[in-house]
Amino acid sequence: MSKKILVIGSSGQIGTELVEGLRARFGDQNVVASDIKEPQAKQTGPFAMVNAMDRRGIERIVEKYEITEVYLLAALLSATAEKDPAFAWELNMDSLFIVLELAREGKVKKVYWPSSIAVFGPTTPKDNTPQRTIAEPSTVYGISKQAGEQWCAYYHKRYGVDVRSIRYPGLIGWKSAPGGGTTDYAVHIFHEAIKNGKYTSFLGPDTTLPMMYMPDAIRATIDLMEAPAEQVKVRTGYNLAGISFSPKEIAAEVARHISGFTINYAPDSRQAIADSWPRSIDDSAARADWGWKPQFDLRAMVDEMMVNLKRELA
Ligand code: AKB
């Protein structure tokens with residue numbers, strides 16, 4: 001049977017670019033995008049409206065398109081989740097159980113589920129955070145990601161479900177807007193710099209966080225899903241490192257492209273979340289197991305973001 005992919009949450013920040021990447025690699029008709037709302041981006045392949053918590057609705061799509069792999073991206077991110085912890089838990093966990101169960105029942109063969117650096121917390125070693133270490137998250141988003149990782153490992157061990165996951169750092173891209181995360185400032189800064197020549201950061205100047213340019217994240221996601229099963233030794237979530245930087249450091253790079261650019265700082269409730277997360281990540285397990293290697297450093301990422309966003313916003 002040929003590969004048929006369903007992406008749930010395809011209109012979000014990762015979904016938009018992942019669908020594009022998957023369609024480029026496996027063909028437009030072999031990738032079904034789905035979301036709770038109509039897509040903004042023009043679709044080159046099938047699209048289905050579905051709520052990620054609607055088991056019957058998802059099953060109908062799986063049957064109709066003879067889906068073999070599901071990428072589940074629907075979730076409430078760290079900052080938004082803090083506004084409604086009960087709903088965040090419900091959405092983030094119920095949707096995961098639905099796809100894990102579909103895989104356990106043999107209705108799909110492989111599952112991708114995104115984890116996050118949010119599984120770590122204030123007691124985690126902050127620099128070069130190891131793959132296996134203390135993980136006591138202080139946000140509901142982090143708790144849902146940590147519990148989700150354990151459920152993925154459980155379904156793999158107990159039922160042989162082929163589920164794979166990455167602990168994404170903050171993701172930066174120009175094709176889609178970020179949706180309610182603590183790392184969103186690193187996308188907003190580009191939009192505000194190009195439009196207004198200034199930006200007020202909701203994180204303080206020296207708040208260093210792990211980040212990654214979206215093309216690296218999309219490549220990592222597809223590479224992990226395409227790796228032979230025996231090479232995927234971590235069935236919780238893989239640490240993945242790209243670039244670590246602070247608002248002050250990215251502002252200096254942005255200023256190379258926007259003369260007179262200024263940044264101010266007005267930390268809000270997201271500062272406490274950022275302070276609980278690592279500064280940098282040890283991703284040696286992903287490198288050793290399935291050959292992960294990032295391509296973009298801070299300068300290369302900023303250069304590409306500026307060229308593309310200036311064109312888009314013109
Ligand atoms: C967030 O800030 O909530 C996300 C994440 C790091 O998972 N970008």
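Every number for a ligand or one of its atoms is a count from 1 in the order of the listing.
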Please identify which atoms of ligand 1 are closer than 4.0 Å to at least one heavy atom of [X].
{"X": "L77", "result": "3 (O)"}
{"X": "T182", "result": "1 (C), 2 (O), 3 (O)"}
{"X": "W277", "result": "1 (C), 2 (O), 3 (O), 6 (C)"}

Sub-3.5 Å N/O-N/O distance, [X] and ligand 1:
{"X": "T183", "value": "yes"}
{"X": "S116", "value": "yes"}
{"X": "S78", "value": "yes"}

Review point. Do the ring centers of F97 and W151 come within less than 6.0 Å of each other?
Key: yes

Can you see whether [Y] has [X] sitting over its ring - NZ or CZ less than 6.0 Å from the centre and within 45° of the normal?
{"X": "K3", "Y": "F26", "answer": "yes"}
{"X": "K126", "Y": "W277", "answer": "no"}
{"X": "R104", "Y": "Y159", "answer": "yes"}
{"X": "R164", "Y": "W290", "answer": "no"}

